[in-house]
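Reading through the structure tokens given below for one structure.
Remember, it's 1-based here, ligands and their atoms both numbered in the order they're listed. Atom set for the values below is all heavy atoms of this structure, side chains included, hydrogens, waters and symmetry mates excluded.
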Amino acid sequence: MADTPDNVTVIDHPLVQHKLGLMRRKETSTVDFRQLLREIALLIGYEVTRDLPMTRVEIETPLTKMMAPRIDGKKLVFISILRAGNGLLEGLLDLAPSARVGHIGLYRDPKTLEPVEYYFKVPQDLAERQVIVVDPMLATGNSAAAAISRIKDRGARDIKFVCLLAAPEGLKTMHEKHPELPIYTASIDEYLNDHGYIVPGLGDAGDRIYGTK
Ligand code: URA
């Protein structure tokens with residue numbers, strides 16, 4: 001991809017890039033992979049929440065009264081696209097423990113690579129919340145785009161999408177289906193192979209998080 005589209009933020013912080021390099025290595029163990037993902041999620045979450053609206057409230061320190069900054073307005077909800085999304089979710093919840101959490105279960109039909117929904121549970125009041133949808137791998141983009149459509153149908157208007165790796169093909173799909181959506185990623189990789197894997201990528205994120213292969 002020649003230029004990064006305006007709505008896509010690549011988080012090039014050295015800590016994120018270093019940890020991502022470790023995660024990509026095929027010899028990285030399940031326990032290390034999971035821990036690194038949790039740490040990266042926290043660092044990405046720091047960037048994603050940078051524009052949360054702020055207010056000031058009066059507090060009293062041991063010395064005096066002051067107007068102290070406090071996060072204002074909409075409450076956060078994290079929505080994880082199962083199952084690999086849960087790996088990113090852990091780190092985001094370390095950052096914002098009181099956020100609400102939703103889950104969407106979608107699997108890719110191995111022949112068509114199209115998403116098939118098998119689970120959907122999200123908080124009721126999505127219209128009043130800032131929604132951050134998480135899935136480590138934006139590959140074809142079909143599952144993520146379908147998840148965003150479902151969330152919009154449920155009233156969400158303020159949505160961001162967070163992944164670890166994005167394929168140019170996935171970014172294109174997302175741009176076609178949800179052109180306004182802000183996307184945060186640690187890397188835009190080269191391409192998708194014939195099996196729908198991101199190259200160079202890191203393999204199957206779910207298998208690597210849960211040690212299922
Ligand atoms: N999902 C994964 O887990 N890995 C890929 O490379 C693509 C989709």
Side-chain angles (χ1 to χ4, degrees), residues 1 4-5 8-11 16-17 19-41 43-45 78-92 102-120 132-151 160-178 181 183-213:
M1 174 164 287
T4 307
V8 179
T9 303
V10 178
I11 298 172
V16 171
Q17 294 303 316
K19 289 174 194 293
L20 177 57
L22 295 174
M23 291 180 75
R24 288 184 190 271
R25 290 167 172 245
K26 64 180 181 190
E27 67 273 19
T28 297
S29 68
T30 298
V31 64
D32 287 348
F33 188 93
R34 198 184 297 149
Q35 178 61 25
L36 286 161
L37 182 58
R38 190 172 181 146
E39 291 167 9
I40 286 189
L43 294 165
I44 294 177
F78 300 130
I79 298 186
S80 164
I81 301 180
L82 298 173
R83 67 183 162 144
N86 281 5
L88 277 174
L89 183 63
E90 297 293 326
L92 290 171
H103 294 91
I104 300 183
L106 294 162
Y107 69 87
R108 280 197 301 180
D109 183 297
K111 289 206 177 71
T112 64
L113 302 184
E114 289 297 317
V116 182
E117 183 177 306
Y118 64 90
Y119 189 78
F120 186 84
I132 298 177
V133 181
V134 298
D135 188 353
M137 311 298 273
L138 183 64
T140 63
N142 292 334
S143 299
I148 301 291
S149 297
R150 285 285 274 132
I151 292 162
K160 292 178 175 175
F161 180 77
V162 173
C163 58
L164 188 61
L165 300 186
E169 294 86 339
L171 289 176
K172 184 163 175 281
T173 304
M174 286 295 248
H175 186 70
E176 283 163 8
K177 305 236 167 97
H178 306 288
L181 184 77
I183 297 174
Y184 294 78
T185 184
S187 174
I188 301 175
D189 272 15
E190 288 170 24
Y191 65 96
L192 277 189
N193 72 12
D194 293 344
H195 303 285
Y197 280 92
I198 297 175
V199 182
L202 48 72
D204 186 299
D207 282 341
R208 296 206 62 188
I209 296 166
Y210 298 112
T212 40
K213 210 167 216 172

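- By the 6.0 Å and 45° rule, R150 stacks over the aromatic ring of F120.
- A donor-acceptor distance shorter than 3.5 angstrom exists from the side chain of Q17 to the backbone of A186, with no hydrogens or angles considered.
- Taking a cut-off of under 4.0 Å to the non-hydrogen atoms of A139, the atoms of ligand 1 that pass are 7 (C), 8 (C).
- Less than 4.0 angstrom separates some heavy atom of M137 from each of these atoms of ligand 1: 1 (N), 2 (C), 3 (O), 4 (N), 5 (C), 6 (O), 8 (C).
- Residue contact check: I198 has heavy atoms under 4.0 Å from atoms 5 (C), 6 (O), 7 (C) of ligand 1.
- Ligand 1 has a nitrogen or oxygen under 3.5 angstrom from a nitrogen or oxygen of A205.
- Dense packing is recorded around NE2 of H103, with more than 12 heavy atoms of other residues, nucleotides or ligands lying under 6.0 Å away.
- Which parts of ligand 1 touch Y197 is read off a 4.0 Å heavy-atom cut-off, strictly below it: atoms 4 (N), 5 (C), 6 (O), 7 (C).
- Enclosure of atom OH in Y107 is not indicated, since only 12 or fewer non-hydrogen atoms of other residues, nucleotides or ligands lie within 6.0 angstrom.
- The shell of residues lying under 4.0 angstrom from ligand 1, judged by heavy atoms, excludes G201.
- For the pair T28 (side chain) and R24 (backbone), a donor-acceptor distance under 3.5 Å is absent.
- Ligand 1 is approached by G203 to a heavy-atom distance shorter than 4.0 Å.
- Residues K19 and D32 are not paired through a salt bridge, judged by the lack of any N-O separation under 4.0 Å between the basic side chain and the carboxylate.
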